[in-house]
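Right, one structure below, let's go through it.
In what follows, every heavy atom counts, from backbone to side chain, and hydrogens, waters and symmetry copies are set aside. In what follows, chains are A, B, ... by sequence order, proteins preceding strands, each numbered from 1.
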Amino acid sequence: MNRATKAGPSGEAAPPHPDDHGTVYGPGARAERAAAGDTGHAIATAGLTKRFRGGHVAVDDLHLAVPRGSVFGFLGPNGSGKTTTIRMLLGLVTPTSGRCSVLGEPMPDGVSRALPRVGALVEGPAFYPYLSGEANLRRLDAADPRSDPRTAARRIGEALDRVGLGNAAGKRYRAYSLGMRHRLAIAATLLGPRELLVLDEPTNGLDPQGTREVRALIKEVAADGTTVFVSSHLLSEVEQMCTHVGVMRTGRLVAQGPIAELHAGVAVSVRVETPEAGAAAAVLAGFGLTAVSHAGGMATAELGDTPPERICAALVEDGVAVRGFAVVRPSLEDVYVRLTGEGFDVES
Amino acid sequence: MSSHETLAHAAPLRAAGPARAAARLLASETALTFRRPRHLALLAVLAVVPVLIGVAVRIASTDGDAGPIIARVAGNGLVLAFTSLSAMLPLILPLAVSVVAGDAVAGEASQGTLRYLLTAPAGRGRLLALKYANVLVFCLAACALVVVSALVAGLALFPTGPVTLLSGTTVPFAEGLLRVGLAVLYAAAGMAALGALALMFSTLTENPIGAIAASVVLVVVSQVLAVFPQLSALRPFLLTSWWSAFDGVLRAPMDTGRMGTGLLVFAGYAAVSGAFAWARFTSRDVTS
């Protein structure tokens, strides 16, 4: 018997026993309930605050809600409190105040119950340089009191194969390239069946090929119903793989929700490329659009609810020479910069 | 909590039980300790020094005009075991124990592996306890290695036979071996007390060299303090004063009183250091 029967994503562990309710659930219903979980949230925090000795407030009154089954992108500039938050979620750092729970278990008290179901990569890979990749994973597996030694060899082999390190399993960690080190750290998060993966900057320092592989792996894991909580400062990455995002700025959460809703907060604009920018701007203003401006062969305005095809028709009707016409949707980067501010200043 | 119950039923695999899981992590710890090149080098030193002492004594004894200690060793191979222990207990053995125990937590922290062990989750108290168990294994192995190496060298270089004790009584060779075994256990207990102290230093820092140095400095300073007659009142409270009491096994009857007091002092040091280490390690923020 392996760990799956104990605390797998099949939902034996998280939801209350079906019998408690006098109802018999089919396997489908069970899986659904597992996805919903006790609280519906894989991670939930309330007023979570960490003030380090010396007074620096790294995380300030954080209310985070990560739905089960989501791929949650945790965004923020360097130093915005992402890693400290992750350390509190994993019981490495004790909050100054506030509460947090992971898979329905309060942290840090529930570490021994929650963490066997959580795979974590925190602040980059760290292993014993004089041990092989495989021996390193064996050591981590031995540290988990709930892992089954009889299936260890199989699980370790599978995890290494999954990240493409099968052939380098016996090589010393010291001889691994940066990409291989990263893969080994990801393999460590896949040692057992997990309900939640917490990945802190999983693609930091990887080449484009490695980045793509990690993204594909995350999607694959998420497709099995595992919740993935991934911190990053790479927006394109988050945009490509996440269903939800939370944005941190100087220790505070400035936005969170499904990625589509975040986009909705920023106006879509229309852009007309024309030699008669002034005339085009007049047409845009005629529709009652806001933020109309024109300069250097370009007229722009916020689109609002106006159908773009009507604007296009009106421009042609008025004899404006249209060279290009575009509806510009804000990228996540626009949203992010609006929320976190521009520039390189480290805010404290 | 339902997750508790379901975990409990669903688990023939947990039949393995906490004890087996702890044994597995301890095995992992000892494998790590005894495979690490640095520690192997230390163990090699521990094995070689008794041989060097034996060879030196052998050369000196042919001079004819050797001192009483040399004559005793040259007269019986078994005595080399005691001589080696008393030569190595003041510094070489404590150094080896400090390296292993001082590195135990701080080394993992500086390497970053501590955060992964704790999120595995190894459990803080459990990890600390098993780290100390591993230190105990190392102390015993280190003291045993010194004595085994000394016995092999002693038997190869010198005659064997009944052993004359410090008190003048002669005991059979087999009983001599038994007394050597007791001396090893006593010495290991003394080293284990130092190991607890070094482990405590190890929980206070993320720099393993700092923890190792603190422990070695403590050993040297307390032996220096013991030299001054004006400070003789301090002596009973110093850990290092009690290490040499293993020679109680060389008296007939054995000097169990002094050795018993020594063991109490060791236990006291271990308990206080362990309590501090526990308090610190189970509450500290792991930010490395």
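- Interface residue A/Leu121: backbone and side-chain heavy atoms are both found under 4.5 Å from chain B.
- Looking at A/Tyr128, both its backbone and its side chain come within 4.5 Å of chain B, counting heavy atoms on both sides.
- Every salt bridge (charged side-chain N to carboxylate O under 4.0 Å, His left out) that B/Asp285 has, sequence neighbours left out, goes to A/Lys50.
- In this structure, chain B has heavy atoms under 4.5 Å from both the backbone and the side chain of A/Thr94.
- Taking the six-membered ring where tryptophan is involved, the planes of B/Tyr186 and B/Phe266 are tilted, since the angle between them lies from 30° to 60°.
- Looking at A/Pro125, only its backbone comes within 4.5 Å of chain B, counting heavy atoms on both sides.
- When side chains are defined from C-beta on, B/Leu197 does not count as touching B/Val272, because their heavy atoms never get closer than 4.5 Å.
- Relative orientation of the A/Tyr176 and A/Tyr173 rings is tilted, given thresholds of 30° and 60° on the angle between their planes.
- When each of A/Leu140, A/Val118, A/Val122 is checked for heavy-atom pairs under 4.5 Å with chain B, A/Val122 comes out on top.
- Using a 4.5 Å heavy-atom threshold, the side chains of A/Val163 and A/Leu184 count as separate.
- Using a 4.0 Å cut-off between charged nitrogen and carboxylate oxygen, B/Lys131 and B/Glu108 count as a salt-bridge pair.
- Using a 4.5 Å heavy-atom cut-off against chain B, the contacting residues of residues 81-91 of chain A are A/Arg87, A/Leu90, A/Gly91.
- Heavy atoms of B/Glu29 lying under 4.5 Å from chain A belong to its backbone as well as its side chain.
- Comment: A/Arg154 engages A/Glu158 in a salt bridge, judged by a side-chain N to carboxylate O separation of less than 4.0 angstrom.
- Between A/Asp141 and B/Arg24, the closest heavy-atom pair is OD2-NH2, 2.8 Å.
- Ring-plane geometry between A/Phe229 and A/Phe72 is classed as parallel, the angle between the planes falling under 30 degrees on a 0 to 90 degree scale with a further cut at 60.
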Inset, instruction - Would you sort out whether B/Val220 and B/Leu91 count as a side-chain contact (heavy atoms from CB on, under 4.5 Å), showing the intermediate values? - result: CA-CA 8 Å; B/Val220 172; B/Leu91 196 58; 4.1 Å; yes

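- For the set B/Leu26, B/Leu32, B/Leu127, the entry with the most heavy-atom pairs within less than 4.5 Å of chain A is B/Leu32.
- Only the backbone of B/Arg284 comes within less than 4.5 Å of a heavy atom in chain A; its side chain stays farther off.
- Of all the listed residues (A/Pro108, A/Ala142, A/Ala120), the one sharing the greatest number of non-hydrogen pairs under 4.5 Å with chain B is A/Ala142.
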